[in-house]
Amino acid sequence: MATLTKRLRVLRGIYDRLPSVACNGLCVKSCSFIMLGQIEATNLEQATGRPVPTSPVQGHLMLTPADDQGRCPYLVLGRCSVHEARPLICRLFGATPDLACSHGCEPAAPVEPSEARAMLAEVVRL
């Protein structure tokens, strides 16, 4: 297995392949039950300097919700407090038709659903 540094570099390379999305900041209701890969939990831990609250779910990790509505623990005052280190699933929101934003936010260039699934699988393998 590759070193942690190399795996984190690969993860960030995957993130860099995504288009930017002109976000209106209205999607906080979508910030719930966030699934992530182990390497993404490590990335968040390095970014925050704190352990990441996760729960195992069907062989994957889920950020432990902050409340009974499943809100992401990193959602602070209606904004993502870890935006630069957020998991791939959050980055895909609004960037692919399967996770289209209902508030009209559009990607610079949409990610095909098959490519989004491939990227998610790649992150899990890391």
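In this structure, E115 places its CD atom where more than 12 heavy-atom neighbours from other residues, nucleotides or ligands lie under 6.0 Å away.
Under the 4.5 Å side-chain criterion, counting only non-hydrogen atoms from C-beta, E40 is not in contact with I89. In this structure, V124 and L120 have side chains that are not in contact, with every pair of non-hydrogen atoms separated by 4.5 Å or more. I39 has its side chain out of reach of V10: every pair of non-hydrogen atoms, C-beta onward, lies at least 4.5 Å apart. Proximity of L8 to R12: side-chain heavy atoms (C-beta onward) are separated by under 4.5 Å at one or more points. At a threshold of 4.5 Å between non-hydrogen side-chain atoms, the residues L75 and S32 do not count as touching. Under the 4.5 Å side-chain criterion, counting only non-hydrogen atoms from C-beta, P97 is in contact with P113.
Between the side chain of T96 and the backbone N or O of V111, at least one donor-acceptor pair lies under 3.5 Å. At least one donor-acceptor pair under 3.5 Å links the side chain of T3 to the backbone N or O of K6.
With hydrophobic clusters built from ILVMFWY side chains whose heavy atoms lie under 4.5 angstrom apart, V21 does not share a cluster with L92. F93 and V28 end up in different hydrophobic clusters when Ile, Leu, Val, Met, Phe, Trp and Tyr side chains are linked at under 4.5 Å. L88 and M35 fall into different hydrophobic clusters, where Ile, Leu, Val, Met, Phe, Trp and Tyr side chains are chained together by heavy-atom contacts under 4.5 Å. Under the 4.5 Å side-chain contact rule for hydrophobic residues, L99 and I14 share a cluster. Note on L4: it clusters hydrophobically with Y15, by side-chain heavy-atom contacts below 4.5 Å among ILVMFWY residues.
A distance of 12.0 Å separates NZ of K29 from SG of C27, quoted to the nearest 0.5 Å. With values rounded to the nearest 0.5 angstrom, T54 atom OG1 is found 13.5 Å from I34 atom CD1. For the atom pair CZ of R117 and CD of E112, the computed distance is 9.5 Å after rounding to the nearest 0.5 Å. How far CG of N43 is from CD of E45: 10.5 Å, rounded to the nearest 0.5 Å. Rounding to the nearest 0.5 Å gives a distance of 7.0 Å between CD of Q46 and OG1 of T42. We find the CG-CG distance between L36 and L63 to be 5.0 Å, quoted to the nearest 0.5 Å.
Comment: R17 engages E122 in a salt bridge, judged by a side-chain N to carboxylate O separation of less than 4.0 angstrom.
Between P19 and A109, the shortest heavy-atom distance links the atoms CG-O, 3.0 Å. Taking every heavy atom of both residues into account, A47 and A85 meet most closely at CB-CB, 3.6 Å. Considering all non-hydrogen atoms of both residues, M62 and F33 come closest at SD-CD2, 3.7 Å. Closest heavy-atom contact between G70 and P65: CA-CB, 3.4 Å.
Annotation: cation-pi geometry not satisfied between R86 and Y74 (NZ/CZ under 6.0 angstrom from ring centroid, within 45° of ring axis).
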